[in-house]
2 protein chains.
Amino acid sequence: MRQDGLERVTMRRLATELDTGPASLYVYVANMAELHGALLDELLGGLNLPGPARPAKARAILVDLLCDYTNLLVGHPSLARSVLSLWPSGPNYLRLIDSVLGLLLAEGLGRRQAAWGVDVLLQHATATAAEQGTRSESVEADGEGYRLATAIEEASAAEYPNIGLLRDEMFSGTGHQRLRWQFAALLEGIATVDDAGR
Amino acid sequence: MRQDGLERVTMRRLATELDTGPASLYVYVANMAELHGALLDELLGGLNLPGPARPAKARAILVDLLCDYTNLLVGHPSLARSVLSLWPSGPNYLRLIDSVLGLLLAEGLGRRQAAWGVDVLLQHATATAAEQGTRSESVEADGEGYRLATAIEEASAAEYPNIGLLRDEMFSGTGHQRLRWQFAALLEGIATVDDAGR
DNA sequence: ACCTGAACACCGTTCAAGT
DNA sequence: ACCTGAACACCGTTCAAGT
């Protein structure tokens with residue numbers, strides 16, 4: 001029924017794809033949020049989750065898993081945007097949560113840090129995908145992000161001294177490098193800071 | 001011209017508010033992204049940025065600033081969602097970036113960690129606001145997030161062992177507590193992990 | 001019972017026509 | 001020149017009518 005589903009999935013588009021009126025979809029799903037939730041869960045079926053890991057390897061495996069999840073969502077920008085405000089609840093999403101929790105515990109994290117950390121990690125993945133996705137979706141090279149780049153490029157060092165100081169560092173690294181660093185940093189922080197603030 | 005601007009801001013809504021047709025707005029802005037960008041920057045004018053800080057105080061000031069920014073966006077969910085895929089470039093946003101960079105440097109962070117870190121921090125703020133905002137926007141208490149809660153509540157410990165183990169921790173803490181912890185964790189990670197992976 | 005055409009209430013954006 | 005009414009090409013959702 002939902003085989004390909006790439007790019008922007010709307011009720012009407014899917015309905016015409018299935019040679020029917022838009023009303024027919026409401027027999028199967030209650031609203032668009034539910035449709036996107038189902039789509040996400042089907043997509044997550046293609047993610048292969050790691051088994052139990054030894055403490056020494058848990059962190060690296062976790063970074064890989066989170067990068068995989070991010071890249072999965074980057075391929076479906078419209079989905080990523082709705083997932084951010086969706087709290088998905090399908091079986092495959094629960095499996096993903098369970099996997100991440102397991103790896104955090106394997107690393108030796110406390111119960112609360114693992115429980116609170118999984119939210120941060122998955123939210124970062126989703127937000128990154130939503131951000132990247134919509135950006136690359138706007139086909140024109142001129143608009144959107146290009147303006148921030150030039151704004152930072154042209155920001156006067158007098159008005160924005162720290163931007164002036166770090167201008168070149170702000171555009172350094174590939175997307176892949178930055179994503180891995182981000183997850184590594186998140187994991188380090190989650191592991192280190194407890195609910196009392198360290 | 002744009003004095004209040006709360007809740008969902010659309011071109012047509014704003015146009016009728018100004019007693020004119022929707023076409024008139026395109027004299028002032030090129031598209032909706034630009035409108036939302038301008039709205040955000042006006043909103044950011046109400047954020048009071050901290051001055052230079054001594055190293056020992058920088059972290060705490062930064063957490064406060066990031067919480068302020070998040071709460072600002074939480075009040076305007078529709079804005080938060082578009083800001084995520086917008087890369088704002090207004091003067092007040094640049095001032096915010098500059099402030100965060102300054103505080104990160106004051107903490108003693110390396111140039112690259114500060115430059116890469118500011119993205120993570122501001123993205124987390126925006127994503128959190130977008131997530132929370134849309135959730136509270138859906139007025140019905142039944143849908144959306146409630147289902148994940150029950151899904152986690154009912155998830156069998158056999159199929160999802162780690163969720164079973166941490167079930168109670170996952171709903172612990174107030175939103176405020178969790179937000180402060182998240183930023184504290186992010187900052188710790190950003191400060192600790194360098195681009196070589198520590 | 002189960003499905004769906006047509007309608008309702010919205011969107012962003014464009015462009016020709018009006019002042 | 002500057003503004004804008006009306007139109008175009010879309011949306012999600014509902015509901016009465018059809019099979």
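Letters go in sequence order (proteins before strands), and every chain restarts at 1. No hydrogens, no waters, no symmetry mates; every other heavy atom, side chains included, goes into these values.
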Practice prompt. Establish, with yes or no, whether the OP1 or OP2 oxygen of C:dC3 is under 4.0 angstrom from a side-chain nitrogen or oxygen of A:Ser24.
Written response: no
Discussion item. From CE of A:Met11 over to P of C:dT4, roughly how many Å is that when rounded to an integer?
Written reply: 14 Å
Worksheet, complete the sentence: Rounded to whole Å, CE of B:Met32 lies from C1' of C:dC10 at a distance of 14 Å
Practice prompt. Can you figure out which of C:dA6, C:dT13, D:dT4 approaches the side chain of A:Pro22 most closely?
Written response: C:dA6
Worksheet item: Does A:Arg13 put a side-chain nitrogen or oxygen below 4.0 Å from OP1 or OP2 of D:dC11?
Response: yes
Worksheet item: Looking just at side-chain N and O atoms, do B:Thr192 and B:Glu188 make a donor-acceptor pair shorter than 3.5 Å?
Response: yes
Discussion item. Looking only at the side chain of A:Ala23 (C-beta and beyond, no hydrogens), which of the listed nucleotides D:dT4, C:dT4, D:dG12 gets closest?
Written reply: C:dT4
Item to complete: Rounded off to whole Å, could you give me the NE2-to-C1' distance for the A:His36 and D:dC11 pair?
Response: 12 Å
Worksheet item: Which heavy-atom pair separates B:Ala58 from B:Ala106 by the least distance, and what is that distance?
Response: CB-CB, 4.1 Å
Worksheet entry | Rounded interatomic separation in angstrom, taking CG from A:Leu25 and C1' from C:dC3 | 12 Å
Worksheet item: Given atom CZ of A:Arg12 and atom C1' of C:dC10, what is their separation to the nearest angstrom?
Response: 11 Å
Discussion item. Between D:dC8 and C:dC10, how far apart are the two C1' atoms, rounded to whole Å?
Written reply: 15 Å
Worksheet item: Distance between the C1' atoms of C:dA1 and D:dA17, in whole angstroms?
Response: 14 Å
Worksheet, complete the sentence: Scanning all shown strands, the Watson-Crick or wobble mate of C:dC10 with both distances under 3.5 Å is none
Discussion item. I need the A:Met170 CE to A:Ile152 CD1 distance, nearest 0.5 Å.
Written reply: 4.0 Å
Worksheet item: Which whole-number value in Å describes the distance from B:Tyr28 OH to D:dT4 P?
Response: 7 Å
Worksheet item: Any side-chain N or O of B:Arg8 less than 4.0 Å from the OP1 or OP2 oxygen of C:dC10?
Response: no
Fill in: Base paired to D:dC2 (Watson-Crick or G-U; both N/O distances under 3.5 angstrom)
C:dG18
Item to complete: Choose from C:dG12, D:dT4, C:dT4 the nucleotide whose nearest atom is closest to any side-chain atom of B:Tyr26.
Response: C:dG12
Worksheet item: Can you tell me how far P of C:dT13 sits from CD of B:Glu34, to the nearest Å?
Response: 11 Å
Worksheet item: A:Arg81 CZ to D:dC11 P: how many Å, rounded?
Response: 13 Å
Practice prompt. Can you measure from CG (A:Leu79) to CD (A:Glu42) and round to the nearest 0.5 angstrom?
Written response: 10.5 Å
Response to the item:
Heavy atoms of A:Ser172 and A:Arg178 approach each other most closely as O-NH1, 3.0 Å
